[in-house]
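All values reported here derive from a predicted model rather than from experimental measurement. Order of the sequence lines sets the chain letters (A, B, ...), proteins ahead of strands, with each chain counted from 1.
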2 protein chains.
Amino acid sequence: MARTKGRLTQRDIAKLAGVSQAAVSLILNGGAEQARLSAETRERVMAVIQGTGYVADPLARQMHKKGNQLLGVFTYEPVFPNAQADFYTPFLLGIEEEAERLGYDLLLFTSTPVEDGRRKLFRKESRLRLADGCIVIGREQDRDELAKLAAGGYPFVAIGRRDDNSGEIPYVGADYLTVTRDLVRRAHELGHVHLLYVGDGTGAESLIDRWQGFSETVATLGLTGDRTAPMVEPSTIIERALASGATVLFCEVASDALALAREVDARRLGARLSVVAMGSAASLSLPSLRLSGFELPREEMGRQAVRTLSAIIENRSVERQILLRPNTVDGQTLGKREQ
Amino acid sequence: MARTKGRLTQRDIAKLAGVSQAAVSLILNGGAEQARLSAETRERVMAVIQGTGYVADPLARQMHKKGNQLLGVFTYEPVFPNAQADFYTPFLLGIEEEAERLGYDLLLFTSTPVEDGRRKLFRKESRLRLADGCIVIGREQDRDELAKLAAGGYPFVAIGRRDDNSGEIPYVGADYLTVTRDLVRRAHELGHVHLLYVGDGTGAESLIDRWQGFSETVATLGLTGDRTAPMVEPSTIIERALASGATVLFCEVASDALALAREVDARRLGARLSVVAMGSAASLSLPSLRLSGFELPREEMGRQAVRTLSAIIENRSVERQILLRPNTVDGQTLGKREQ
DNA sequence: TATTCTTGCTAATACGTATTAGCAAGTTGA
DNA sequence: TCAACTTGCTAATACGTATTAGCAAGAATA
């Protein structure tokens with residue numbers, strides 16, 4: 001066996017069988033009918049193929065398909081967590097699941113060990129187009145870069161809402177507004193009439209929406225709604241609430257909610273002060289302290305992002321901006337207002 | 001939003017920069033010196049590349065046996081866990097970390113649907129070549145497939161020891177034999193002379209090695225060592241141990257160890273019966289019940305796999321079969337033999 | 001002034017496969 | 001007998017990149 005050349009090709013097979021390379025390809029891909037290759041020819045070629053053990057080079061086969069069936073996942077920090085309570089994993093779980101279902105592989109961009117932060121991002125971005133399209137998770141200060149991407153015609157979907165002037169950044173976000181409204185209503189049903197919003201209520205859309213859902217609903221229902229910035233000291237906030245007569249704390253940031261709920265617990269104020277976690281209510285909860293509030297449907301957001309992205313890549317029509325409703329979590333920290 | 005063409009090519013770049021496609025390729029691959037392209041031209045082309053975010057199609061590059069700075073990761077089940085106690089994550093953490101350090105991105109092969117509980121490596125072969133090489137995690141019954149891969153000259157590293165006749169499957173495994181020996185010695189030092197091995201002791205190398213480390217050391221030290229298959233009922237095993245006079249249980253499977261330790265606890269036999277977990281002693285432990293035994297150095301295995309793989313890809317010489325020593329875990333379940 | 005050298009680039013081709021258009025020879029129909 | 005049709009195949013081209021050979025214009029040399 002003179003293995004002069006590295007790899008057996010269709011040309012070799014063709015030569016051995018006395019046909020053209022095209023014939024070999026056609027026979028292998030079921031185009032033989034269409035091209036009316038005779039049964040004899042087909043058998044002859046197949047015999048050679050079997051005899052030589054020829055297998056088509058998968059790379060060459062893929063070359064003239066459209067894409068590479070690759071979805072990029074772009075994050076601003078390493079994906080795999082040290083920490084137990086982990087932000088990215090649920091998204092990735094959903095992404096992986098749906099990617100698998102749709103026949104895509106995932107490309108995880110690791111950042112470069114380059115010191116300078118900017119270059120780091122740049123180097124990452126320079127590899128972005130390796131994939132057919134990309135899912136961008138986290139960090140909402142990147143509208144410009146995303147807008148550039150969109151303008152360049154590169155298919156991508158952000159996880160987390162991104163509104164910009166051009167209005168055409170595709171995203172899968174969470175409907176904070178509605179769920180916050182529902183929680184305020186729920187508090188109202190439980191007798192609360194004075195609510196305290198703990199957080200900034202500005203900046204990212206997700207914060208603006210929470211605040212808007214809160215303040216609008218408070219107004220609609222004729223309740224009293226205050227706002228206070230999150231403090232280093234939970235005690236300060238609790239005292240402020242007690243002093244003002246507020247009976248529920250709506251916390252923008254879940255870790256604040258947890259800290260506050262603990263302090264409330266420690267002071268045995270559970271009956272007088274409720275705590276609502278606007279996010280991560282389930283995942284941050286401890287067995288001994290289950291927060292009330294809501295939880296992002298992260299897995300579903302991941303799945304939806306993959307569906308949207310694949311539709312964009314494959315040029316199918318699709319709703320490009322989707323908000324999913326967070327799940328409300330009935331914990332122990334939202335109770336009836338003490339009479 | 002343009003989206004006229006699917007993917008940006010060197011031809012597009014060339015047109016934009018007013019040069020030939022060849023010039024673009026040369027500049028990207030360091031052939032610019034050789035071809036005497038002027039500094040201005042180089043800069044002009046690079047500017048266009050940066051502006052557009054062009055990246056060479058990995059498939060086309062692989063056709064010329066060029067790398068893409070891409071490491072594949074193949075697992076037999078989905079990577080991202082539902083379960084809390086998670087198998088893959090620590091490996092991936094190490095892999096991501098080291099890949100980042102070495103300037104590789106990661107390609108997660110998810111697209112193969114799980115068939116009867118696991119993914120099939122051979123279904124992926126076409127996709128595998130997108131990556132410069134691949135890390136295969138888990139499942140030790142895949143020697144044939146791996147041998148085929150190796151024969152095809154595809155660079156890969158298995159996590160988990162794989163010995164086969166050809167003897168050349170590269171892997172990063174755990175040195176179960178040594179650590180088991182040390183644990184038996186430790187038990188001996190604590191006064192134990194009659195040990196019970198709970199498990200099959202056959203099948204995968206990892207199991208064979210544990211049994212071998214156990215039985216050899218028992219023989220060397222002149223101890224008594226029995227073996228029993230793992231049972232559905234922990235009670236049965238415990239009674240068998242008590243009846244035979246064994247004072248330590250060496251458990252092949254960590255979840256068995258946990259179940260046994262719990263039962264021992266429940267029966268208040270802690271002083272009479274020790275339990276050793278040969279694997280996951282730390283990660284399976286509860287705050288209230290810390291197992292003694294050992295734990296795989298999963299992160300380090302991941303890092304080492306990346307180092308080995310990159311060496312193979314880059315044609316540097318490297319030890320292809322590496323065993324890392326698991327870490328012993330001093331928990332509460334291995335104590336002095338009761339006098 | 002003719003020759004050689006250098007500079008800066010491009011044309012052409014290869015990689016291995018898939019696919020479309022179409023050719024030559026034979027067959028059928030009128 | 002000429003056109004239309006069928007049969008059985010091939011030529012040509014595309015995919016996107018890498019690489020080699022070599023061309024044109026100017027500079028240096030003899």
May I ask you to verify if any side-chain N or O of A/Y54 is less than 4.0 angstrom from the OP1 or OP2 atom of C/dT17?
yes
Examine the side chains of B/T308 and B/Q304 and answer whether a donor and an acceptor come within less than 3.5 Å of each other.
yes
For the side chain of A/S20, starting at C-beta, report the closest nucleotide among D/dT17, C/dT17, D/dT10.
D/dT10
For the backbone of B/D163 and the side chain of B/E205, can you confirm whether one donor and one acceptor N or O come within less than 3.5 Å of each other?
yes
Salt bridge B/R42-B/E33, side-chain N to carboxylate O under 4.0 Å
yes
Let me know, please, whether A/M63 or B/Q34 comes out on the 5' side of the other along DNA chain C by nearest nucleotide.
B/Q34
Between A/L26 and A/R36, whichever has its closest DNA chain C nucleotide further toward 5' is A/L26
Identify which nucleotide among D/dA18, D/dG8, D/dT10 has an atom closest to any side-chain atom of B/Q10, counting heavy atoms from C-beta outward.
D/dA18
Whole-Å distance, B/K65 NZ to D/dA18 C1', equals 13 Å
Nearest-angstrom distance from the residue atom CZ of B/R129 to P of C/dC15:
18 Å
Answer yes or no for A/R298 and A/F91: cation-pi contact, defined as NZ/CZ to six-membered ring centre under 6.0 Å and angle to ring axis within 45°.
yes
Rounding to a whole Å, what distance do you find between B/Q62:CD and C/dC15:C1'?
13 Å
Counting distance only, does the side-chain N/O of B/R61 pair as donor-acceptor with the main-chain N or O of B/G67 below 3.5 Å?
yes
Rounded distance in Å - NZ (B/K15) to P (D/dG16)
12 Å
Heavy atoms under 4.0 Å, any strand shown: does A/V19 hit a base, just sugar-phosphate, or nothing?
sugar-phosphate
Once you apply a heavy-atom cut-off of 4.0 Å, does A/A35 come out as touching a base, just sugar-phosphate, or nothing?
base
Distance check needed: C/dA18 C1' versus A/I13 CD1, whole Å only.
16 Å
From the candidates D/dG16, C/dC9, D/dT19, the one with an atom nearest any side-chain atom of B/T41 is C/dC9
For D/dT7, does either OP1 or OP2 sit under 4.0 Å from a side-chain N or O belonging to A/S38?
no
Among D/dG8, C/dT10, C/dT17, the one nearest B/L37 by side-chain distance:
C/dT10
note: A/I27, atom CD1; D/dT10, atom P; distance rounded to Å ~ 9 Å
Would you mind classifying the nucleic acid contact of A/S25 as base, sugar-phosphate or nothing, using non-hydrogen atoms under 4.0 angstrom?
base
Assert: residue with more 5' nearest nucleotide on DNA chain D, out of A/K66 and B/K66, is A/K66
B/L8 CG to D/dG16 P: how many Å, rounded?
11 Å
If you assign B/V55 and A/G18 each to the DNA chain D nucleotide with the nearest heavy atom, which residue ends up on the more 5' nucleotide?
A/G18
Measuring from the side chain of B/H64 (C-beta onward, heavy atoms only), which nucleotide among D/dT7, C/dC9, D/dA18 has the closest atom?
D/dA18
Ignoring hydrogens and geometry, is there a side-chain-to-backbone donor-acceptor pair from B/T52 to B/I49 under 3.5 Å?
yes
So A/R61, base contact, sugar-phosphate only, or nothing? Heavy-atom distance under 4.0 Å.
sugar-phosphate
In whole Å, what is the span from the CG atom of A/N29 to the P atom of C/dG16?
17 Å
Can you tell me whether the side chain of A/Q21 and the base of C/dA18 have a donor-acceptor pair closer than 3.5 Å?
yes
